[in-house]
Amino acid sequence: MTNRYVLAFLISAVVAVMVGYSVRTGALNTFTPLAQPGSLIPELTSYRVVFEPGKIIVDILNTGPVETSVANVQLGGSIPFSIRSFIIEPEGVIPRLGTARVTIPFNWGVGEPYSIKMIVATGESFVTDVAAALATPSVGELIPLAVMLGAYVGVIPVYLGIAPLPLFRRMKEDWLDLLAAFAVGVLVFLLVDTVTVAEELSSRLPIHLGATVFVGGFAVGLVGLILFGRLFMKKMSEDMSRESSGRGVFIATMIALGIGLHNLGEGLSIGAAYTQGLAAFATFLALGFGIHNLSEGVAIVSPVASRSRLSIRYPLLWGLLAGGPTIIGALIGFSIYTDLAAALFFALASASILYVVAEVIIQLAANPNASNNPKIYVGLLAGIFTMYLTSLLLNILAGGAS
Amino acid sequence: MPNESYVYELEASPPGLYLYHSHVLPISRQVNRGFFGAYLIYPKDADILPAAKELIFIQHFIDTDGESEQAEFYALNGQADQYINLPIELKVGELARVYLINMNIEFATFHIHANVFQAYQGLGMNRDQIVSGDTVGLGWGERAVLEFFYTKPGLFLFHDHISEHSDLGLRGWFKVTS
């Protein structure tokens with residue numbers, strides 16, 4: 001019964017996102033390019049910039065409607081553009097959705113801003129800006145740093161939020177409803193936050209690519225979670241005979257997964273800030289996100305707070321599921337941060353949090369005691385405000401550092 | 001109109017270096033994409049000009065994407081860096097005469113290395129108005145005729161002394177052989 005509602009809700013959500021995005025940007029209006037043959041102009045997107053001693057390496061993707069080729073490469077930044085010699089592999093024409101690697105021999109300076117301009121054979125130019133050049137760290141240097149940052153931001157705060165679970169379980173029923181509503185508040189805030197970031201990042205991409213990434217990531221995220229949820233439920237139903245109710249555990253796991261995807265995005269931004277020479281900023285970001293993520297731990301365990309018995313392996317798993325992706329995100333952010341990757345992750349996270357919000361609200365609404373309890377509004381507002389205030393704190397800290 | 005032709009008839013006077021360009025609106029777009037050229041009216045008394053290797057240099061900028069004020073390239077004779085890739089060949093002691101035109105929509109200069117030229121300004125045929133130097137500055141549409149020769153073999157750079165122009169292609173080599 002509820003599954004059917006969830007499905008209907010999710011399908012409407014995907015359609016709403018597609019329509020909304022296409023109306024806002026005009027991206028999905030397939031008639032426009034047909035009506036204007038002249039609009040078949042090439043488009044190049046750089047998806048990775050690597051700084052190595054004596055050279056700058058740019059990986060590019062042909063995201064346009066026609067094949068193209070790079071005719072000229074120029075380098076600017078704190079100084080005006082100048083023509084640079086370059087090597088492109090493979091040479092010649094880049095087919096649609098084809099990739100190429102441009103290597104520019106250049107003794108770049110640490111911390112300098114650079115703009116890389118590529119001019120294609122038909123004259124259009126595409127600029128990639130790098131705020132501050134920093135040698136791309138080797139994998140050996142990256143892993144410990146990513147683990148450390150990821151642990152501070154993701155794993156530890158989430159576990160700290162989960163830790164008061166024994167306390168929650170001694171609370172009375174109506175206070176537990178407040179806790180559940182608090183979780184909804186947290187998730188609603190995360191949903192708005194994630195959708196906003198995903199939309200902003202995808203709007204920086206070429207229009208058709210941005211639309212595809214935003215809507216596609218959202219749709220794939222939703223379908224993936226629904227499928228995962230079904231498989232998981234099947235597995236859970238076997239355990240249900242042994243434990244009183246698997247539903248709470250299921251929802252807690254889905255929340256952990258949704259938050260995990262969101263934290264993957266946070267890890268990305270921290271990793272990216274670090275590689276862009278903003279080490280101090282990244283530290284503040286880590287601190288702020290850490291405080292922010294405490295309430296995520298509380299949100300995860302709220303569905304199981306009323307259960308009498310709970311195996312310890314579940315909270316352990318949830319902490320890892322929600323916090324662990326921060327480490328992976330930081331690793332990706334270090335090595336291949338681009339608007340493209342970030343937009344994709346945030347779109348996936350938007351879908352997963354939407355799914356989780358739907359699940360939690362349905363669970364809350366299905367409980368007649370809870371839906372009549374005025375405390376749930378207090379909890380809801382408290383959840384949103386906690387997230388809002390910590391993100392405000394994060395912005396103040398980050399603003400002061402940059 | 002497209003596919004139609006028109007013959008311009010001009011009186012070849014007074015002698016000098018001239019330029020022509022499209023006046024179709026917007027002119028800047030036509031000019032910044034290369035719709036211009038030079039013509040030369042030699043004096044009747046050809047002996048005024050000593051025998052030389054004659055070169056026409058039109059300095060101009062190229063806007064390839066039509067999107068910004070910023071030029072993608074600065075070029076000599078239609079192509080950025082073309083005389084970097086294919087140096088202009090001169091002989092030691094051979095007189096070179098450069099007919100120089102600034103078609104940029106901004107001030108430009110021309111500078112040669114390790115040498116000094118005699119510059120004839122205005123239309124370039126008044127042999128009394130001589131300025132010597134290694135850099136000459138030209139406003140929009142201004143011209144100069146430069147004469148010089150090298151005394152040693154080697155590769156000698158020439159470029160617009162405005163760095164932004166030089167960096168984007170307004171530069172080249174003289175390859176002087178004995």
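Chain A is the first sequence line, chain B the second, and so forth, proteins listed ahead of strands; every chain is numbered from 1. All values derive from a computational prediction rather than experimental measurement. These values consider heavy atoms only, across backbone and side chains, with no hydrogens, waters or symmetry-generated copies.
- No side-chain heavy atom of B/E72 sits less than 4.5 Å from a side-chain heavy atom of A/F81.
- Counting non-hydrogen atoms of other residues, nucleotides and ligands closer than 6.0 Å to CZ of B/F35 gives a total of 12 or fewer.
- Other residues, nucleotides and ligands contribute more than 12 heavy atoms inside 6.0 Å of the CZ atom of A/F106.
- With a 4.5 Å cut-off on side-chain heavy atoms, A/I119 and B/T64 count as touching.
- Separating the CG atom in B/D81 from the OG atom in A/S85 is a distance of 10.5 Å, to the nearest 0.5 Å.
- Rounding to the nearest 0.5 angstrom, the gap separating the CG atom in A/N72 from the CZ atom in B/F73 is 3.5 Å.
- Every residue two or more places apart in sequence or in another chain that forms a side chain to side chain contact (heavy atoms under 4.5 Å, CB included) with B/E94 is listed here: B/K53, B/L90, B/K91.
- Taking every heavy atom of both residues into account, A/S82 and B/L168 meet most closely at CA-CD2, 3.9 Å.
- Within 6.0 Å of the CD atom in B/Q82, the count of heavy atoms belonging to other residues, nucleotides or ligands exceeds 12.
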